[in-house]
Protein chains: 2
Amino acid sequence: MPYDPSAFPPFAVTVDLVVLTVRRHALCALAVRRGEPPFQGRWALPGGFVRADEDLSQAAARELAEETGLRAHDPSVPVQDNGAHLEQLATYGDPKRDPRMRVVSVAHLALAPDLPAPRAGGDASNARWAPVEELLEQGGYGRDGEPVAPLAFDHAQVLADGVERARSKIEYSSLATAFCPPEFTVGELRRVYEAVWGVALDPRNFHRKVTGTPGFLVPTGGTTTRQGGRPAQLFRAGGATLLNPPMLRPEV
Amino acid sequence: MPYDPSAFPPFAVTVDLVVLTVRRHALCALAVRRGEPPFQGRWALPGGFVRADEDLSQAAARELAEETGLRAHDPSVPVQDNGAHLEQLATYGDPKRDPRMRVVSVAHLALAPDLPAPRAGGDASNARWAPVEELLEQGGYGRDGEPVAPLAFDHAQVLADGVERARSKIEYSSLATAFCPPEFTVGELRRVYEAVWGVALDPRNFHRKVTGTPGFLVPTGGTTTRQGGRPAQLFRAGGATLLNPPMLRPEV
DNA sequence: GATCATAGTCGTCTGCCTGACGATAAACAC
DNA sequence: GTGTTTATCGTCAGGCAGACGACTATGATC
C-alpha cells in the first residue's frame, strides 16, 4: 500500500507535566488554573502543544522551564545541580479525553527540590503547589475550606500515575535526591522518603542504610544545624543511580 | 488564547509492538519485513496507525491480534488464559524518526507464550520470531548466515527498551507466567527467567523461592513429564501480581 | 549555667532470606 | 539394572532489615 497522507487521521500532540516536590513534609504537585474552556477555572496539570520541530523531551523541558524556571536535567547524569529530574511517564490518548479534538498527551514526570513560588505566565494566582491527596480527592475541601473540583481532563489519572511512579522509583534508584537541594542531610533525605511514601521511617535504620549504600551519598565535609538539634553531616548525591539492594518501603 | 486549530501542528500517531516470547531457551521478538519505503525490505517491529475513534490500548490490541491472533489481556486481571499480557511501553517522537512526516509512536510491550508461527497478512516469509540479540546486533549475521541489517526507524531502541522493561518487570511481578502456557512446571518457569535474563539459576533455590511466595503459583494437581526426568507438578498463575520480596536477578 | 527538647549517630540482637550445595525421588533410554 | 535427566527436599552460613538501646551535640527554657 503506497504512502497516502489521507490514510491516517491527524492528531494534536501535547506534553503534560507532573511536577512533584516536597513541601512542609507533604508531597506536592504543581497545578495551574485553566483560563479558557474546556474546564475553564478548574485546576489542571501544566502542559502544552508539541511544536513541529521539537522532540517530546524537548517540549517537556520547555514547558517545565516556562512554568517553573527549572532547567531540565539529562536523565543519564546524576542529579547534582538545581536542574530537575525529568522523565517520560506515559501517554494518554482516549478519543474523548479532550472534547475539542483528538489529542494525545505524552505525560512527563519532573522531580524538583522545594522551590520559592510557582509562576504561570507571571500570574501567581493561577499556579500553586498543592498536596497530591488534595488534588486527587474528589469533591473534598482544600486547606482554605474552598471546595475542590476534580482536575481537568484525565489529569487525576495522570497525576496518580506520576505519584505511583515516583513512589516506586525512589525504592530502587537514588532519585529521592532530586527532591533535595544540592547539599542535604540524612534527615532531610529521610523526610523526603517519609513524605513521598506517607510513612514514618526509623531514623537509625535509615541512616545505616543510606550511608552504607556505596555511591548513594558523598559527604561534603560541612555540617548544618538548620533542622535544630545536633548538627548533621552534609551530603550530596553520589554517582550511583541504581540502589542494590533497594530501599524497602514498609508494608501498608 | 482562544481555540485555534492552526495553533498546533498535525501529527500522525502510531502504535508499535514489542512482542516477546521464549522459544528454544531464547528470548525472541516478533519482527516483520517492510514491504514499502522507507526501509523497504528491512525488518521492523509490527505496528500501524491509530484510528480516529480508537484508544491507544485498543489500537495496540488490534495490531497484536492482526499480527499474531492473540487476544490482548486486561492488565488488571492476572494472566490465566492464552491472552497475552499487553502494556504501554514508551512513546517515541523524534521529529526525524520517520522521513515522510511527523510521526509519534506509542510503543507497547506484549508478552506471549511460545506460539506456533507468526503471520503477517498471511505471508509467513514476512514475519518471524528472532532472538533479540540477533535483532539488536548491528551488522552481524543471522542464524542462516544472511547478513542482518539494523531494524528500521528507531525500532532497535524501542526493542531494547522493551527487553529491558521485561527483564526488570519479572523481578518484582508475576509477569514471567505470561510467557508460559496456562499450566506449567516450576522448571518451565525457571527456563523463562533464564532466557529473559540470560543467566543460569539454581533449580533448588528457584523452586524454594517460587513455591514459597504466596499467590505466585497455584498447583493444579496434575503432573507432567514433557521435559523428561521425574514428573513435575503442574501449576497455574496465582492471583498475586506483585512479588514481595522480589526475585533476585544475579549480578552480572 | 542546669535542664530539657530535639535531632543525629553508633551498636546490638534477632529473625528472615539467599546462595551454595548435598541428598533423594521418579521418570526414560539402553 | 545402570545411567541420565529432571524434580524436590534439606542443611548451613552469611547478609540484611526491623526493633530498639545508648550516646552526642546543638538550641531553648528556666
Side-chain angles (χ1 to χ4, degrees), chain A residues 24-25 170-172 180 183-195 197 199-236 240 242-252, chain B residues 24-25 170-172 180 183-195 197 199-236 240 242-252:
Chain A
R24 283 185 257 101
H25 293 204
I170 65 173
E171 286 188 54
Y172 58 89
C180 295
E183 292 198 344
F184 53 90
T185 68
V186 173
E188 289 165 349
L189 183 63
R190 175 170 48 83
R191 279 180 279 275
V192 165
Y193 274 91
E194 291 178 333
W197 283 346
V199 298
L201 299 174
D202 185 292
R204 297 157 291 191
N205 292 336
F206 184 86
H207 187 278
R208 176 183 60 190
K209 172 70 178 175
V210 297
T211 57
T213 300
F216 194 4
L217 300 182
V218 177
T220 64
T223 61
T224 184
T225 175
R226 62 181 164 225
Q227 299 290 337
R230 170 176 165 180
Q233 228 181 326
L234 282 170
F235 296 86
R236 55 182 177 78
L242 256 49
L243 306 181
N244 201 318
M247 303 290 301
L248 288 188
R249 173 158 35 163
E251 311 291 318
V252 183
Chain B
R24 284 185 257 102
H25 293 205
I170 65 174
E171 287 189 51
Y172 58 88
C180 295
E183 292 197 345
F184 53 91
T185 69
V186 173
E188 289 165 350
L189 183 63
R190 175 169 49 83
R191 280 179 277 275
V192 165
Y193 274 90
E194 291 179 333
W197 284 345
V199 298
L201 299 174
D202 185 290
R204 297 157 292 190
N205 293 335
F206 184 87
H207 188 278
R208 176 183 62 190
K209 172 70 178 175
V210 297
T211 56
T213 299
F216 193 4
L217 301 183
V218 177
T220 65
T223 61
T224 183
T225 175
R226 60 183 167 226
Q227 298 290 336
R230 170 176 165 179
Q233 229 183 324
L234 281 170
F235 296 87
R236 54 180 178 78
L242 256 48
L243 306 181
N244 201 319
M247 304 290 301
L248 287 188
R249 172 155 42 160
E251 310 290 319
V252 185

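Owing to the predicted nature of the structure, the values given are computational and were not obtained by experimental measurement. Quick note on labels: first sequence line is chain A, next is B, and so on, each numbered from 1.
In this entry the distance linking CG of A:D202 with P of C:dT9 reads 14 Å, nearest Å. Taking atom CZ of A:F184 as the reference point, atom P of C:dA7 lies 19 Å away to the nearest angstrom. In this structure, CZ of A:R226 is placed 11 Å from P of C:dG8, rounded to the nearest angstrom. When rounded to the nearest whole Å, the span between CG of A:L201 and C1' of C:dG8 equals 16 Å. Nucleotide C:dG8 holds its C1' atom 11 Å from the CZ atom of A:F235, rounded to whole Å. Rounded to a whole Å, the CD atom of A:Q233 is 13 Å from the P atom of D:dA25. Atom CD in B:Q227 sits roughly 23 Å away from atom P in C:dA25 (whole-Å rounding). Between A:N205 atom CG and D:dG15 atom C1' the separation is 15 Å, expressed in whole Å.
Between B:L243 and B:V210 there is no side-chain heavy-atom pair separated by less than 4.5 Å.
Within the structure, a side-chain polar atom (N or O) of A:K209 is placed less than 4.0 Å from OP1 or OP2 of D:dA17. At D:dT8, one or more side-chain N or O atoms of B:H207 fall inside 4.0 Å of OP1 or OP2 (strictly under the cut-off). Phosphate proximity of C:dG8 to A:R191: present, with a side-chain N or O under 4.0 Å from OP1 or OP2.
Both A:G229 and B:P231 lie close to DNA chain D; mapped to their nearest nucleotides by heavy-atom distance, the more 5′-ward contact belongs to B:P231. Residue-to-nucleotide proximity on DNA chain D shows that, of B:T185 and A:G228, the 5′-proximal contact is made by B:T185.
Among all heavy-atom pairs drawn from B:N205 and B:D202, the shortest one is N-OD1, 3.0 Å.
Looking at the side chain of B:R208, the nearest of the listed nucleotides C:dA27, D:dC12, C:dC21 is D:dC12. Picking from D:dA17, C:dC17, C:dG8 the nucleotide with the shortest atom distance to the side chain of B:P245 gives C:dC17. Among the nucleotides D:dG18, C:dG19, C:dT9, the one closest to the side chain of B:L248 is C:dG19.
In terms of polar N and O atoms assigned as donor or acceptor, the side chain of A:R204 never comes within less than 3.5 Å of the base of D:dG18 in a complementary pairing. Counting atom types as modelled, B:R230 pairs a side-chain N or O with a base atom of D:dA7 as donor and acceptor under 3.5 Å.
Residue contacts for A:R190: at a heavy-atom cut-off of 4.0 Å it reaches the sugar-phosphate backbone alone, with no base atom in range.
For B:F235 and B:F184, the gap between ring centers reaches or exceeds 6.0 Å.
Side chain of A:T213 to backbone of A:F216: no donor-acceptor contact under 3.5 angstrom is found.
Comment: B:R236 does not engage B:E183 in a salt bridge, judged by the lack of any side-chain N to carboxylate O separation of less than 4.0 angstrom.
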